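This is a predicted model, so every value here is computed, not measured.
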Amino acid sequence: MRLLLAEDERDLNRIITLKLTAEGYSVDSFYTGTEALDALMAAEYDAAILDIMMPGADGFQVLQSIRSLGKTTPVLFLTARDSVSDKVKGLDSGANDYLVKPFSFEELMARLRAMTRGGFGMVDNTLAIADLVMDCAAHTVKRDGKEINLSAKEYALLEYLMRNRGIVLSREKIENHIWNFDYEGGTNAVDVYIRYLRKKLDEGFGKKLIHTVRGVGYVLREEP
């Protein structure tokens with residue numbers, strides 16, 4: 001998934017970004033609310049993590065701005081403000097969750113998973129199609145009961161395909177979702193990683209799940 005992080009404490013911002021990236025997320029990180037708002041207007045994110053006290057625009061202002069424009073991006077407030085009134089204000093302003101500093105990274109990950117499940121019709125942390133099963137909590141992928149080892153980027157691409165199973169995704173849409181603003185790779189990166197996934201997920205199994213729609217892009221679906 002592609003995440004936005006806005007946190008003005010630079011060391012904490014760097015640590016969270018590194019940990020999320022290691023988990024396979026594509027992360028755009030910012031230090032001001034103004035930068036975060038500009039990015040939320042320019043790109044599509046699966047979720048946003050916002051500090052409340054930030055220069056430029058605080059978390060409340062960023063959230064109010066995107067909600068007023070009809071953007072439903074799930075938002076988690078990450079803040080040192082731990083009073084009940086602050087939590088109530090944050091949730092009533094349109095935030096989906098509220099996590100108080102200091103926090104454990106494991107709890108942050110669990111809250112992100114819970115916060116984003118509903119948007120993809122998930123009732124737990126698993127995604128499945130045919131005999132392919134992804135456990136988003138354990139970070140494992142199995143096909144026909146056999147565990148398949150994927151790189152962080154391969155996992156991110158497969159997760160995006162599985163969350164959009166049955167939907168044809170263009171190369172541009174996949175690239176914009178899997179890689180962040182800092183990406184400077186080749187123009188055929190999507191094709192390369194699709195090829196990696198096909199080798200690991202489709203070769204040696206009866207049914208092919210990753211399909212090319214010529215001139216459009218790729219789709220994950222089970223065909224008769």
Side-chain angles (χ1 to χ4, degrees), residues 1-33 35-37 39-40 43-55 57-63 66-67 71-84 86-120 122-127 134-141 150-153 155-156 158-160 162-163 177-182:
M1 291 189 289
R2 187 175 182 180
L3 303 178
L4 178 141
L5 170 66
E7 167 60 64
D8 66 334
E9 294 182 34
R10 291 181 177 266
D11 286 343
L12 180 59
N13 186 309
R14 179 179 58 81
I15 291 170
I16 295 175
T17 299
L18 288 173
K19 286 183 174 292
L20 289 173
T21 301
E23 290 290 326
Y25 291 99
S26 173
V27 184
D28 289 314
S29 59
F30 304 96
Y31 302 112
T32 73
E35 292 172 329
L37 182 56
L40 284 164
E44 176 186 341
Y45 292 95
D46 291 302
I49 304 170
L50 303 178
D51 187 16
I52 289 182
M53 301 302 292
M54 293 185 291
D58 65 29
F60 291 126
Q61 292 170 324
V62 173
L63 179 59
I66 65 171
R67 292 292 187 257
K71 282 189 169 286
T72 58
T73 307
V75 170
L76 181 148
F77 275 141
L78 189 63
T79 178
R81 298 170 62 166
D82 61 354
S83 71
V84 173
D86 283 328
K87 294 177 183 178
V88 170
K89 180 181 178 182
L91 295 171
D92 282 347
S93 65
N96 300 78
D97 205 349
Y98 194 108
L99 185 59
V100 176
K101 303 173 188 176
F103 60 91
S104 73
F105 185 71
E106 289 74 16
E107 182 178 4
L108 173 61
M109 293 299 299
R111 287 176 179 269
L112 282 173
R113 289 193 296 269
M115 192 172 69
T116 55
R117 277 200 295 261
F120 295 95
M122 298 172 64
V123 295
D124 56 22
N125 290 316
T126 60
L127 294 163
M134 171 179 281
D135 187 325
C136 298
H139 228 263
T140 59
V141 174
L150 300 178
S151 69
K153 193 58 69 178
Y155 184 94
L158 178 60
E159 183 178 8
Y160 187 49
M162 293 190 75
R163 286 178 182 270
H177 201 88
I178 301 302
W179 285 272
N180 61 17
F181 284 131
D182 295 330

*Asks:* Ignoring hydrogens, what is the shortest heavy-atom contact between Leu112 and Thr116? Give both atom names and the distance.
*Replies:* O-OG1, 2.9 Å
*Asks:* Roughly how far apart are Leu150 CG and Met134 CE, rounded to 0.5 Å?
*Replies:* 6.5 Å
*Asks:* Under the 3.5 angstrom rule, does the side chain of Asn13 hit a backbone N or O of Phe30 as a donor-acceptor pair?
*Replies:* yes
*Asks:* Between Phe60 and Phe77, how do the two ring planes meet: parallel, tilted or perpendicular, split at 30° and 60°?
*Replies:* perpendicular
*Asks:* Rounded to the nearest 0.5 Å, what separation is found between the CG atom of Asp86 and the OH atom of Tyr98?
*Replies:* 4.5 Å
*Asks:* Hey, is the main chain of Arg2 close enough, under 3.5 Å, to the side chain of Ser26 for a donor-acceptor pair?
*Replies:* no
*Asks:* Compare all side-chain heavy atoms of Leu37 with those of Gln61 and state whether any distance is below 4.5 angstrom.
*Replies:* no
*Asks:* A quick test of your reading: do over 12 heavy atoms of other residues, nucleotides or ligands sit less than 6.0 Å from NZ of Lys101?
*Replies:* yes
*Asks:* On the 0 to 90° scale, with breaks at 30° and 60°, tag the His139-Tyr155 ring pair as parallel, tilted or perpendicular.
*Replies:* parallel
*Asks:* How close do Ile178 and Ala156 get, counting heavy atoms only, and between which atoms?
*Replies:* CD1-O, 3.5 Å
*Asks:* The criterion is salt bridge (charged side-chain N to carboxylate O under 4.0 Å, His left out); which residues satisfy it with Glu35, sequence neighbours excluded?
*Replies:* none
*Asks:* Quick check for you: to the nearest 0.5 Å, what is the distance between Leu12 atom CG and Thr17 atom OG1?
*Replies:* 9.0 Å
*Asks:* Excluding sequence neighbours, so at least two apart, what forms side chain to side chain donor-acceptor pair (under 3.5 Å) with Arg14?
*Replies:* none
*Asks:* Between Asp8 (side chain) and Tyr31 (backbone), is there a donor-acceptor pair under 3.5 Å?
*Replies:* no
*Asks:* Regarding Glu107 and Arg111, does a basic nitrogen lie under 4.0 Å from an acidic carboxylate oxygen?
*Replies:* yes
*Asks:* Do the side chain of Arg163 and the main chain of Leu158 share a donor and acceptor less than 3.5 angstrom apart?
*Replies:* no
*Asks:* For the residue pair Met54 and Thr32, establish whether any side-chain heavy-atom pair is separated by less than 4.5 Å.
*Replies:* no
*Asks:* Can you tell me if Glu7 uses its side chain to pair, donor with acceptor, with the backbone of Glu9 under 3.5 Å?
*Replies:* yes
*Asks:* Please report the interatomic distance CG(Leu99) to CD1(Ile49), rounded to the nearest 0.5 Å.
*Replies:* 9.0 Å
*Asks:* Considering non-hydrogen atoms only, spot the tightest contact between Pro74 and Met115 and give its length.
*Replies:* CB-CG, 3.8 Å
*Asks:* Return the OG1 to CG distance between Thr79 and Leu76, rounded to the nearest 0.5 Å.
*Replies:* 10.5 Å
*Asks:* Using 0.5 Å steps for rounding, measure from the OH atom of Tyr45 to the CG atom of Leu4.
*Replies:* 5.0 Å
*Asks:* What heavy-atom pair brings Leu63 and Gly90 nearest, and what distance separates the two atoms?
*Replies:* CD2-O, 4.4 Å
*Asks:* Might you point out which heavy atoms bring Ala6 and Ala36 nearest each other, and give the distance in Å?
*Replies:* CB-CB, 3.7 Å
*Asks:* Which atom names give the shortest non-hydrogen contact between Ile66 and Val75, and what distance separates them?
*Replies:* CD1-CG2, 4.1 Å
